[in-house]
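A quick write-up on the structure given underneath.
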There are 2 protein chains.
Amino acid sequence: MAAEQRTPPRGSGRGQRVTIADIARRAGVTSAAVSLAVNGRPGVSDATRERILEIARELRWEPSPAARALAGAPVLTVGMVLARPAEILGAEAFFGAFVAGLQEVLSREDYSLQMKIVETPEAEIETFRRWFSQRRVDGVVVVDLRLDDARIPALEELGLPALVVGGPGHHGSLPSVYVDDAHATRLLVDHLAELGHTRIARVAGDDVFLHTHQRDRTFAARCEELGLECLNQPAGFGASGAEVATAELLSREEPPSALLFDSDEMALAGCHVLEQAGLAVPADVAVASYEDSPLARGHRPPITAIGRSATEYGRVAADRLLEVIAARRERRETGGAGEPETRALIPELIVRGSTAPQLDGATGPSEEGPERPATRSSRTA
Amino acid sequence: MAAEQRTPPRGSGRGQRVTIADIARRAGVTSAAVSLAVNGRPGVSDATRERILEIARELRWEPSPAARALAGAPVLTVGMVLARPAEILGAEAFFGAFVAGLQEVLSREDYSLQMKIVETPEAEIETFRRWFSQRRVDGVVVVDLRLDDARIPALEELGLPALVVGGPGHHGSLPSVYVDDAHATRLLVDHLAELGHTRIARVAGDDVFLHTHQRDRTFAARCEELGLECLNQPAGFGASGAEVATAELLSREEPPSALLFDSDEMALAGCHVLEQAGLAVPADVAVASYEDSPLARGHRPPITAIGRSATEYGRVAADRLLEVIAARRERRETGGAGEPETRALIPELIVRGSTAPQLDGATGPSEEGPERPATRSSRTA
DNA sequence: ACCTGTGGCTAAAGCGCTATAGTAACTCGT
DNA sequence: ACGAGTTACTATAGCGCTTTAGCCACAGGT
């Protein structure tokens, strides 16, 4: 019983931390054996391992992340940095939902998400650099992909595991997930064409982003394939840009009969302009959005949109990133290179009142409750 | 030059990490001296300190958070756990904006935010416990305050610095920030009363939350003071609850002429019910919300709401929490107790079309762009 | 001259864990 | 019966930092 003299503290929260040394003492082995046991590594007999695990459980031992990190183990954290004004998280529904999806799977895997908001893309790279050199994260997710994004080569050089959100195509050696914007564009254009629209305009978002370009291109291409007249109207950022662009489009000699907006926020802004101009949606002008959200659902008429389920998007991104991190760790042991894999989410079209066939438009025929989307919104390919 | 043989690697990212030992060697002192110098502690002369800092800068040294944490220094991370479905982050605009505010000041102070989504309040406490025993966070922010919230005593027992978001009143020994819901209620009720409404109903949110109770009480009290008839209609959670509750209110013999909703999401749901019932807002029924958001601004008519600026709320919360953490560290050195301080945000009323005096209601008279609130929305008291 | 400070630093002991070299005991094959 | 090969551990050296005790030189007071 003399060995019990220094029994580790239990129960009440304030006690000393219990360490592997405590477990080792109780189990009559060294801390090294405990480490092997709790990490599922070979080197201890099954019997001993079981005994050690039992004691660990009993003592309510929790590994110290700091100690692990210091000794070279993964830190169970992934990072994401946003080079945008903080408000974006609240203003653009996409981000909140995306982060929710990330959190969901990360939490489940005992990972945590570290976020940082910075001013410029350069600061973003600097943050990656610091996170890496401080070993603060095991990997990062890269959002708001730009053309010739400087972050890609920077991350490759650092050798920090990263998952690119956006596409399509390969980003250097980095794996990615993306929503197939070409497909989304076709869905939208085809839908409007079927309704009989022949002059379709697109109010495009900020063209520093890669997905904007992708949409630009496929929009023009699809319109041409279908023999439609297409107008691509760059609108810069946010609601005010969309208002100006919409007004601009309406002032044309032959204004379009259908408007395609790059985001829900922009679509609403556009609707307000239409309203003020005395034009009814969808009777006079049809409206559709690349981005679904409660905003789009809640508007009257509810807005036809691409349901890419930002939450699902976040989940998939997190899944992929964890795979990449795991693979990296494997690889360090084996040595294979591994191809950067790209995974696409297939967008679906959710038809709502804003593109209803010409009825009356007051409350569209495909009216629905704000919580129930018309179709499953996305799926992994 | 022999001493230079082991010169620390610079430039290209892949090199070995530079540690205080490297700096010490270059400066001709021990690592202890470097530690003192970089942490601004007494024990080195100003000249030496300057020299050490210079070298650190030159070598681009970054402290290792893991090593620091292991040695007992703060980990520069604060935690927040949400016992809600992940979707809430996207669905309720408040959260996105609140987190944005938190991030903003935390990032600036070089802190990071760790978030976790769990199923139950018990799991939340368990998470706090683990974060504490793993020394993963320096402090936490507690949201979604409930009646007799079990997290308060749990955190007090742990001795983990915490900041409670919600109030009013003290929560054990924990400091808090809150939005003055009593004041908000008076603003709303008074506003509706001034417009001539005498039968006001409130569609109340989930009553496990403390702020719901606070609103319940002050709503009843203020109505009585003004001699108004008040109806308090509990509606449970989210949009569907609000729909049911609104329908219920409309089916009364003498339906209310003004509706007060606990959130933007609920207000919109309520508006849809009104619309379907053929009632115009604000001509037939006035609508106001306790919660502002792009949703409320984007609706037609735009909805009168309490602007508590969730982002600002987040900023204040982060500020306070950092103060608490700093104070805690001081106190460990001195020994004072320190009063739990409470800070209130004064809400302001943003009048919009949904409570316009009886004109036509199609587009309210206090119409505004979606980005420009009518008044500054909140302020620290 | 002698003790007492005191500023400025060093030496060294951790923090809790992982990783690796080493060892003791226990098979085998021949 | 002997070296080789396993298996199951132990001992120990870090990881990069903080912190405390201790040391030395030099200042001042008496």
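To find a chain, count down the sequence lines: A is the first, B the second, and so on, and within it residues start at 1.
- Checking the phosphate oxygens (OP1, OP2) of D:dG16, no side-chain nitrogen or oxygen of A:Arg135 falls inside 4.0 Å.
- For the pair A:Ile20 CD1 and C:dA19 P, the computed distance is 11 Å after rounding to whole Å.
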Kindly give the atom pairs (protein nitrogen or oxygen, nucleotide nitrogen or oxygen) under 3.5 Å for nucleotides 10-12 of chain D.
| residue | atom | partner | partner atom | Å |
| --- | --- | --- | --- | --- |
| D:dT10 | OP2 | A:Thr30 | N | 2.9 |
| D:dT10 | OP2 | A:Thr30 | OG1 | 3.0 |

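- Listed by chain and number, the residues in a side chain to side chain donor-acceptor pair (under 3.5 Å) with A:Ser31 amount to none (sequence neighbours excluded).
- Side-chain contact between B:Val140 and B:Met80: absent, with no pair of heavy atoms (C-beta onward) separated by less than 4.5 Å.
- Straight-line distance from the CG atom of A:Asn39 to the C1' atom of C:dC17: 9 Å, rounded to whole Å.
- With sequence neighbours excluded, the residues forming a side-chain contact (heavy atoms from CB on, under 4.5 Å) with B:Arg51 are B:Ala27, B:Thr48, B:Ile55, listed by chain and number.
- Every residue two or more places apart in sequence or in another chain was checked for a side chain to side chain donor-acceptor pair (under 3.5 Å) with B:Arg146, and none qualifies.
- Judged as a salt bridge (Lys or Arg N to Asp or Glu O under 4.0 Å), not a single pair has a partner in residues 71-80 of chain B (not counting sequence neighbours).
- Every residue two or more places apart in sequence or in another chain was checked for a salt bridge (charged side-chain N to carboxylate O under 4.0 Å, His left out) with A:Arg108, and none qualifies.
- The bend of the helix from C:dA1-D:dT30 to C:dT30-D:dA1, defined by the angle between the axes of its first five and last five pairs, stands at 50° to the nearest 10°.
- Every residue was checked against the salt bridge (charged side-chain N to carboxylate O under 4.0 Å, His left out) condition with A:Asp319, not counting sequence neighbours, and none meets it.
- Residue A:Arg41 places no side-chain N or O under 4.0 Å from the OP1 or OP2 atom of C:dT18.
- In terms of the side chain to side chain donor-acceptor pair (under 3.5 Å) criterion, residue partners of A:Gln134 (sequence neighbours excluded) are, by chain and number, A:Arg136, B:Glu62.
- When each of C:dC17, D:dC17, C:dT18 is scored by its nearest atom to the side-chain atoms of A:Ala73, the top-ranked nucleotide is C:dT18.
- Of the residues in residues 45-55 of chain A, not one comes within less than 4.0 Å of DNA chain C through any heavy atom.
- Side-chain N/O atoms of B:Arg68 include one lying less than 4.0 angstrom from OP1 or OP2 on D:dT18.
- A:Glu54 pairs by the side chain to side chain donor-acceptor pair (under 3.5 Å) definition with A:Arg57, not counting sequence neighbours.
- With sequence neighbours left out, A:Phe128 forms a ring pair (Phe, Tyr, Trp, His ring centres under 6.0 Å) with no residue at all.
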